[in-house]
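The structure under discussion appears below in the form of structure tokens.
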Amino acid sequence: AVVSTQSTGDKVTLFLVNSLAVADLVMLIIVYMPMWSTLLAKKWVLGEGLCGLLGYFFPVPAVYEVMNVFIISVYRFWLIMRTRRSQEEVVVKLVKTFLIL
């Protein structure tokens, strides 16, 4: 899914949403396609090499998606706070928030 750059959104949000769409496609290829083929055949039919390779890369798209959503959330929070306060106050609040975590 490609989001038009002519919409009212800013370019950073559009980039992050497009990046999330790519992560979803990678998740489909790396995780769901092999899973569906295994479920249909009722055994692993993709070979030992691909089993090891997919097992190694299995968590990558999921972690990327979670981090992407996290970045979108922080960016949107920053945009909202930027209109209310100066940039320095927002940075201090973000640093305090992350130090508490």
Side-chain angles (χ1 to χ4, degrees):
V2 176
V3 181
S4 172
T5 57
Q6 297 176 352
S7 69
T8 58
D10 61 309
K11 290 183 180 185
V12 174
T13 302
L14 294 175
F15 173 78
L16 291 170
V17 170
N18 284 336
S19 178
L20 191 58
V22 169
D24 284 337
L25 289 174
V26 171
M27 185 84 156
L28 174 74
I29 293 168
I30 290 179
V31 176
Y32 295 116
M33 297 287 280
M35 181 179 69
W36 291 333
S37 67
T38 302
L39 288 174
L40 289 174
K42 297 187 175 154
K43 65 178 183 173
W44 184 259
V45 294
L46 301 174
E48 288 183 29
L50 195 55
C51 178
L53 189 64
L54 290 177
Y56 181 73
F57 287 110
F58 184 81
V60 173
V63 170
Y64 185 77
E65 286 182 358
V66 169
M67 292 304 293
N68 204 339
V69 170
F70 174 75
I71 291 169
I72 291 171
S73 300
V74 169
Y75 178 69
R76 300 304 287 175
F77 172 77
W78 179 76
L79 284 178
I80 292 168
M81 295 303 289
R82 185 179 67 173
T83 60
R84 294 184 182 179
R85 297 182 186 139
S86 69
Q87 235 177 350
E88 293 88 345
E89 291 175 353
V90 172
V91 170
V92 168
K93 186 163 187 122
L94 282 173
V95 168
K96 285 181 181 178
T97 302
F98 290 120
L99 287 178
I100 291 172
L101 296 175

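One-based numbering along the sequence shown.
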Check your understanding: Is atom CE of M35 surrounded by more than 12 heavy atoms (other residues, nucleotides or ligands) closer than 6.0 Å?
Key ->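 It does: M35 CE has more than 12 such atoms within range.
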Review point. Under 6.0 Å from the CZ atom of F58, do we count more than 12 heavy atoms belonging to anything else shown?
Key: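 No - once you tally the heavy atoms of other residues, nucleotides and ligands closer than 6.0 Å, there are 12 at most.
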[X], [Y]: one ILVMFWY side-chain cluster at the under-4.5 Å cut-off?
X	Y	value
Y56	V31	yes
L28	L53	yes
L50	V45	yes
I72	Y64	no
V22	I29	no

Can you tell me how far apart [atom1] ([X]) and [atom2] ([Y]) are? Round to the nearest 0.5 Å.
X	Y	atom1	atom2	value
S73	N68	OG	CG	9.5 Å
N18	T13	CG	OG1	11.0 Å
W36	L40	CH2	CG	10.0 Å
L46	M33	CG	CE	10.0 Å
S37	K42	OG	NZ	14.0 Å

Check your understanding: Going by heavy atoms in the side chains, are L54 and W44 under 4.5 Å from each other?
Key ->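 In contact.
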**Study point:** Min side-chain heavy-atom separation V66-F70 under 4.5 Å
**Key:**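 They are not in side-chain contact.
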Practice item. Please report the C-alpha distance between V60 and I30 in whole Å, then the side-chain angles of each, then the deciding distance to 0.1 Å, and finally whether the side-chain contact (heavy atoms from CB on, under 4.5 Å) criterion is met. Key: CA-CA 9 Å; V60 173; I30 290 179; over 6 Å; no
Practice item. Mind listing the closest non-hydrogen atom pair of P61 and M27 along with its distance? Key: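 Closest approach of P61 to M27, heavy atoms only: CB-SD, 3.7 Å.
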